[in-house]
Amino acid sequence: MITILDYGAGNVRSVINAVEKLGETVRVAESGSDIITAEKLIFPGVGSFGNMMRILRDRAFVAPLMAYLQSGRPFFGICLGMQALFEYSEEAPDEKGLGVLPGHVRRFSMEGLSIPHMGWNGISVKQPTNLFQGLFGNEKFYFVHSYHVVTDNPEVVLSTTDYGYSFVSAVQYKNIQAVQFHPEKSGAAGLTLLENFICHPQGVGRLPKTPDHTRLAKRIIACLDVRTNDKGDLVVTKGDQYDVRESGQVRNLGKPVELAKRYYEEGADEVALLNITGFRDFPLEDMPMIHVLRETSRYVFVPLTIGGGIRDFTDKNGRHYTALDVAAEYFRSGADKISIGSDAVEIVENYLKTQKMTGKSAIEQISRVYGSQAVVISIDPRRVYVNAPEDTPHPTVETTIPGPAGERWCWFQCTVKGGREGRDVDAVTLAQVCEKLGAGEILLNCIDRDGTNSGFDIELIRAVKQAVTIPVIASSGAGCEAHFAEVFEKTGVEAALAAGIFHRREVSVGAVKNYLKDKVDIRP
Ligand code: 1PR
């Protein structure tokens with residue numbers, strides 16, 4: 001029996017799914033006595049440090065947790081569940097940590113570093129341990145965090161990882177083991193690690209052979225555009241420049257859960273599910289999407305992003321839902337990140353009018369509660385050509401792909417409602433304002449390239465990537481393996497996403513990774 005401490009701030013569903021997948025029974029700790037009586041305790045922390053410590057205190061979990069940690073029974077902390085063990089965090093200096101290990105938690109800071117540190121990185125193990133039995137040592141694990149532990153006691157450091165500089169990525173001390181990364185989202189390697197915690201006695205182990213230095217991998221993401229077809233079935237579809245109909249019918253490329261599972265097994269580093277008609281069908285009334293997410297999270301142990309329809313809504317009975325309510329339902333159902341499309345454009349339009357942050361926008365609210373890493377902004381831009389930069393108030397690029405009348409300049413216009421409506425905001429400004437409001441990542445689509453197999457729009461991607469410090473996912477247009485190498489080399493983006501080539505089995509995720517393996521860092 002494994003007890004999982006859920007303090008109610010996010011996606012513990014994935015940890016439960018991972019432990020159940022290993023054949024264990026899970027009990028979710030709902031009270032202090034559940035914690036004290038646990039045989040083995042896993043503490044997955046999500047959200048922000050201050051929020052976590054406040055909830056632990058308010059729910060009177062601190063004393064039982066301390067008693068458990070001192071009992072000598074096995075404890076496994078994940079992400080904030082590791083940070084909580086230290087004295088305090090710069091993220092919330094007024095909230096004390098548990099202080100069972102010496103040290104504190106500091107924000108990543110280095111010129112030119114995208115924050116959060118998000119994606120798959122390796123570990124350099126410093127102590128004998130049971131945790132890595134059955135692994136080769138070159139595995140990568142999924143990290144997503146803006147803060148890291150600092151300690152001057154090397155005895156507690158189990159592993160370090162490099163991101164700009166070397167930081168503590170796992171700790172081990174007596175009965176306590178904790179990792180900064182997410183084993184429940186780290187594919188087969190993560191499941192093995194959890195199994196080792198569950199099945200092998202602590203303290204018994206060897207020093208695994210691991211690299212002295214590690215590097216963050218570029219991510220390959222498979223995207224599933226999901227909607228109801230004309231028969232009423234929820235299907236994966238795919239547009240050609242966002243037009244998903246062929247001979248009047250919605251293209252049907254497969255079942256969402258099956259496809260997501262296939263991409264996970266082929267080695268996708270992340271899976272995105274976009275409810276592309278979410279702008280008109282409110283997702284909390286469109287429960288099949290929630291069901292798809294729940295089912296997917298039972299089989300897919302890499303990060304899941306879900307988007308479509310995340311906005312405020314009043315239903316036909318007059319009940320009001322905030323975007324935060326919608327996001328909360330998605331997180332409870334297994335999402336690690338949510339993506340906001342149309343609503344982000346409106347939020348930015350309002351910001352540009354007033355130049356004020358209200359604290360009330362969906363981006364601000366969701367990132368405050370779930371952390372900025374959980375908020376992705378999905379941008380659907382299209383090129384608008386002009387003869388000269390002075391012809392538009394928007395930032396332009398000089399393009400090597402001239403417009404229909406030979407124009408040499410263009411700007412990238414944001415659209416809403418699945419590309420149906422162009423707005424007076426450009427993609428570069430949108431990305432910058434969203435970062436300011438608390439977004440953690442940009443998913444940069446391109447209507448001109450979507451479904452064309454003609455390669456990513458390098459000019460668009462470069463313009464946005466250079467304007468923000470948060471990670472950028474390049475999307476739209478991938479037609480072969482070389483397009484991925486090109487976008488990583490020419491733009492420096494952290495991740496690249498494709499849909500059509502994977503759905504139509506023209507290129508597999510595995511083939512992309514195989515092609516990239518000597519060119520850029522990727523997860524093996
Ligand atoms: O506006 O918050 O409700 O979110 C709606 C979401 O649905 C947005 O993220 C938007 O990008 C997406 N969306 C809306 N309409 C479409 C459509 O295709 N008609 N999907 C759509 C388009 C593009 C990618 C696609 C890439 C890669 N999204 O999902 O997967 O272009 O394709 P490719 O590799 O085949 O070229 P909201």
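The first residue in the sequence is number 1, and the count goes up from there. Every number for a ligand or one of its atoms is a count from 1 in the order of the listing.
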With a 3.5 Å cut-off and no angle check, do the side chains of Y264 and R262 form a donor-acceptor pair? no

Would you please determine whether G307 falls within less than 4.0 Å of ligand 1 on a heavy-atom basis? no

Less than 6.0 angstrom separating the ring centers of F412 and H394, yes or no? no

Residue, atom and distance of the protein heavy atom nearest atom 5 (C) of ligand 1 read G308 CA, 3.9 Å

Heavy-atom contacts with C223 under 4.0 Å: which atoms of ligand 1 show up? List them by number with element. 29 (O), 30 (O)

With backbone taken as N, CA, C and O and side chain as the heavy atoms from C-beta onward, which portion of K238 lies under 4.0 Å from ligand 1: side chain, backbone, both, or neither? side chain

Nearest protein heavy atom to atom 8 (C) of ligand 1, by residue and atom, and its distance? S378 OG, 3.6 Å

Would you find more than 12 non-hydrogen atoms of other residues, nucleotides or ligands less than 6.0 Å from Q355 atom CD? yes

The atoms of ligand 1 lying under 4.0 Å from a heavy atom of G500, numbered in the order shown, are 33 (P), 34 (O), 35 (O)

Proximity winner for atom 14 (C) of ligand 1, if only heavy atoms of A498, G451, A478, G418 are counted: G418

For ligand 1, which part of D380 has a heavy atom less than 4.0 Å away: the side chain, the backbone, both, or neither? side chain

Considering only the protein, which heavy-atom contact is closest to atom 1 (O) of ligand 1, and what is its distance? S342 OG, 2.6 Å

Polar side-chain atom of Y163 near backbone of L113 as donor-acceptor pair, under 3.5 Å: no

What residue and heavy atom of the protein are closest to atom 25 (C) of ligand 1, and at what distance? D450 OD1, 3.6 Å

Within the 6.0 Å centroid threshold, strictly below: Y515 and F484: no

Distance flag, aromatic centroids of H483 and F456, threshold under 6.0 Å: no

Test item: W120 side-chain N/O and D269 main-chain N/O as donor-acceptor pair under 3.5 Å: yes

Is the contact between S475 and ligand 1 made by the side chain, the backbone, both, or neither, using heavy atoms and a 4.0 Å cut-off? side chain

Top protein contact for atom 3 (O) of ligand 1, by heavy-atom distance: G309 N, 2.8 Å

SB check R408 E459 (cutoff 4.0 Å): no

Would you please indicate if the ring centroids of F141 and H182 are separated by under 6.0 Å? no

Going by distance only, is there an N or O of I310 that falls short of 3.5 Å from an N or O of ligand 1? no

Contact check: Y242 vs ligand 1, nitrogen or oxygen atoms, below 3.5 angstrom: yes

R251 (side chain) donor-acceptor with D243 (main chain) under 3.5 angstrom: yes

Report the nearest protein non-hydrogen atom to atom 2 (O) of ligand 1: residue, atom name, distance rounded to 0.1 Å. G341 N, 2.9 Å

Should the pair K185 and Y142 be classed as cation-pi, given the thresholds of under 6.0 Å to the six-membered ring centre and 45° from the axis? no

protein heavy-atom neighbour closest to atom 24 (C) of ligand 1 works out as N445 OD1, 3.5 Å

Side chains of Q373 and S146 only: does a donor on one sit below 3.5 Å from an acceptor on the other? no

How far is atom 12 (C) of ligand 1 from the closest protein heavy atom, and which atom is that? I276 CG2, 3.9 Å

Is the contact between D225 and ligand 1 made by the side chain, the backbone, both, or neither, using heavy atoms and a 4.0 Å cut-off? side chain

How does S476 reach ligand 1, by side chain, by backbone, by both or by neither, if only non-hydrogen atoms under 4.0 Å count? both

